[in-house]
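In what follows, a structure is listed as structure tokens, so that the remarks can point back to it.
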Amino acid sequence: MKTIDELLSEGVAGKRVFVRADLNVPLDGTAITDDGRIRAVLPTVRALAEAGARVVVASHLGRPKGAPDPAFSLAPAATRLGELLGADVAFATDTVGESAGATVAGLADGQVAVIENLRFNAGETSKDDAERGEFADRLAALADVYVGDGFGAVHRKHASVYDLPARLPHYAGHLIATEVGVLKKLTDEVQRPYVVALGGAKVSDKLAVIDELLGKADRILIGGGMAYTFLKAQGHEVGASLLQEDQIPAVREYLERAEKNGVELVVPVDTLVTAEFPDMRAKAPTNPTNVAADAVPADHMGLDIGPRTRKLYASKLADAATVFWNGPMGVFEHPDYAEGTKAVAQALIDSPGFTVVGGGDSAAAVRTLGFDEQAFGHISTGGGASLEYLEGKTLPGLAALED
């Protein structure tokens, strides 16, 4: 695929450049609680603006129902983008309507605009090719060139991600070029030992990537809510812990296949339990109990890996040449259940190898828990996209950027 470096060498002064970014930031009302995704697209936007392009930034935010919803407005993201750029950023209050047309027409060379949430138009996410195409046609009228830089959305077959690049000269932005380069190090150019740490709530979200990694990774460490389905599949009682009973047969098959393939598939040996799920707003102390993973009381739920598991996982990461981590080890948002996730993050920092934090909640945890982002090899902006790439799937947004 052609990159933004090639576009810049061709010259962009005076051209309208549509940048499909990922500004899908978490909001508390209108306050952005983590601006990591906005900062990730800065190198692309800044390079284009400095080269004299008229930059039109577009993104989705949340899951509106194909119609305007003030709760999902990109206005806060546009304001923050301007603050980070140190320049005024114009904001269009619609996607392809009168405001968008006038805002883009009013741009001078080197200026930047953000148009409203793409998902306010049903054509963005439609499964109907014609409806998506019609929306893509209207977006294409706003620009001369397309730059894809919203890695967090490239696994979606959406109008601005998949259909629009076919209508304009298209290039990959700095972020997408970086993300793809990193993922190749996890698939085609792996240095060993290759260790993968997987957490998060549902094992069903990770089955496909585990299936693929059983033929590629040397060790797979399991944590988070999904760990209790693994423990149950091994015959242990897990009390009131999160459990996906319907996934137990698949998990048993993976455990057997891991042993057959010589892959270490490691599950917790102890866990922090409590009788009631904590109040996440008050974050009052809950006094959790640490128990062996095979001794969870019937009326308790596990919410984090225990201290012995933290040491075990750190030892499994200590000699890794390549590490991929996706999903927290526990309910890290509450201080009583953050130590497991902290331990894995610190183990990645201490590891001598190339470390990748696979986006989503893992990236949020790194920032929330106060770790230096520069201490990791790479922090991805797209958890879902990263997982699907590792599963071996063709990602629509990347395919659309190929020539």
Side-chain angles (χ1 to χ4, degrees), residues 1-24 41 44-45 47-49 51-61 66 74 90 92 94-107 109 111-177 180 382 385 394-403:
M1 64 180 70
K2 291 182 179 180
T3 69
I4 187 175
D5 289 333
E6 295 172 80
L7 172 60
L8 292 169
S9 70
E10 295 165 5
V12 294
K15 292 183 179 179
R16 299 170 302 162
V17 181
F18 188 103
V19 177
R20 200 332 179 161
D22 180 8
L23 308 181
N24 186 27
V41 79
T44 290
V45 174
L48 289 167
R54 302 177 182 193
V55 187
V56 182
V57 180
S59 176
H60 69 287
L61 192 152
L74 276 175
D94 56 27
T95 56
V96 290
E98 185 176 328
S99 178
T103 300
V104 174
L107 289 175
D109 293 1
Q111 290 187 329
V112 179
V114 173
I115 63 174
E116 186 55 284
N117 192 335
L118 293 164
R119 291 185 183 175
F120 284 2
N121 190 303
E124 169 67 1
T125 60
S126 176
K127 296 186 184 304
D128 181 81
D129 291 348
E131 186 176 11
R132 279 200 329 276
E134 188 273 336
F135 183 48
D137 287 339
R138 297 180 70 187
L139 289 172
L142 297 174
D144 305 304
V145 181
Y146 177 92
V147 172
D149 215 31
F151 180 74
V154 293
H155 57 314
R156 306 296 188 191
K157 192 176 182 180
H158 291 170
S160 66
V161 175
Y162 179 75
D163 302 274
L164 182 55
R167 289 158 167 79
L168 294 170
H170 46 270
Y171 302 80
H174 289 308
L175 176 61
I176 280 187
V180 171
T394 297
L395 306 188
L398 296 185
L401 294 176
E402 299 287 352
D403 290 311

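Heavy-atom basis, side chains included; hydrogens, waters and symmetry copies ignored.
Looking at residues two or more places apart in sequence or on another chain, you find a side chain to side chain contact (heavy atoms under 4.5 Å, CB included) between A47 and L8, H174. E131 pairs by the side-chain hydrogen bond (donor to acceptor under 3.5 Å, both in side chains) definition with S126, not counting sequence neighbours. With sequence neighbours left out, the side chain to side chain contact (heavy atoms under 4.5 Å, CB included) criterion links T125 to R119, H158. Qualifying side-chain hydrogen bond (donor to acceptor under 3.5 Å, both in side chains) partners for T44, counting only residues two or more places apart in sequence or in other chains: D149. Qualifying side-chain hydrogen bond (donor to acceptor under 3.5 Å, both in side chains) partners for E10, counting only residues two or more places apart in sequence or in other chains: Y171. Under the salt bridge (charged side-chain N to carboxylate O under 4.0 Å, His left out) criterion, E124 pairs with R20, sequence neighbours left out. Under the side-chain hydrogen bond (donor to acceptor under 3.5 Å, both in side chains) criterion, Y146 pairs with no residue, sequence neighbours left out. Listed by chain and number, the residues in a side chain to side chain contact (heavy atoms under 4.5 Å, CB included) with V104 are R16, V56, L142 (sequence neighbours excluded).
For A172 against M1, the heavy-atom pair with the smallest separation is CB-SD, 3.5 Å. What you find for F18 and A143 is that their closest heavy atoms are CB-CB, 3.6 Å. Here the shortest heavy-atom pairing between G106 and Q111 reads O-OE1, 3.9 Å. Between A136 and L164, the shortest heavy-atom contact is O-CD1, 3.5 Å. Listed here is the closest heavy atom pair of G14 and D109: CA-OD1, 3.3 Å. Closest approach of N24 and S59 over heavy atoms only: N-OG, 4.0 Å.
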(request) Tell me, with the steps shown, if V145 and V12 meet side-chain contact (heavy atoms from CB on, under 4.5 Å). (result) CA-CA 9 Å; V145 181; V12 294; 5.9 Å; no

(message) Test side-chain contact (heavy atoms from CB on, under 4.5 Å) on V17 and R54; report intermediate values, then the result.
(response) CA-CA 6 Å; V17 181; R54 302 177 182 193; over 6 Å; no

(message) Before you tell me yes or no, could you show the steps for L7 and L48 under side-chain contact (heavy atoms from CB on, under 4.5 Å), namely the whole-Å CA-CA distance, both residues' side-chain angles and the distance that decides it to 0.1 Å?
(response) CA-CA 9 Å; L7 172 60; L48 289 167; 4.1 Å; yes

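Applying the salt bridge (charged side-chain N to carboxylate O under 4.0 Å, His left out) rule to pairs touching residues 152-176 yields R132-D163, D137-R167, sequence neighbours excluded.
At least one donor-acceptor pair under 3.5 Å links the side chain of D94 to the backbone N or O of E98. For the pair D22 (side chain) and F151 (backbone), a donor-acceptor distance under 3.5 Å is absent.
Between the CG atom in D144 and the CG atom in L168 there is a gap of 8.0 Å [rounded to 0.5 Å]. Taking CD of E402 as the reference point, atom OG1 of T394 lies at 10.0 Å (rounded to 0.5 Å). Here the CD-CG distance, from E116 to L74, works out to 5.5 Å after rounding to the nearest 0.5 Å. In this structure, CG in N121 is found 7.5 Å from CG in L139, a value given to the nearest 0.5 Å.
Contact check for T103 versus I115: no side-chain heavy atoms found under the 4.5 Å cut-off.
Few gaps surround CZ on F120; more than 12 heavy atoms of other groups in view lie less than 6.0 Å from it.
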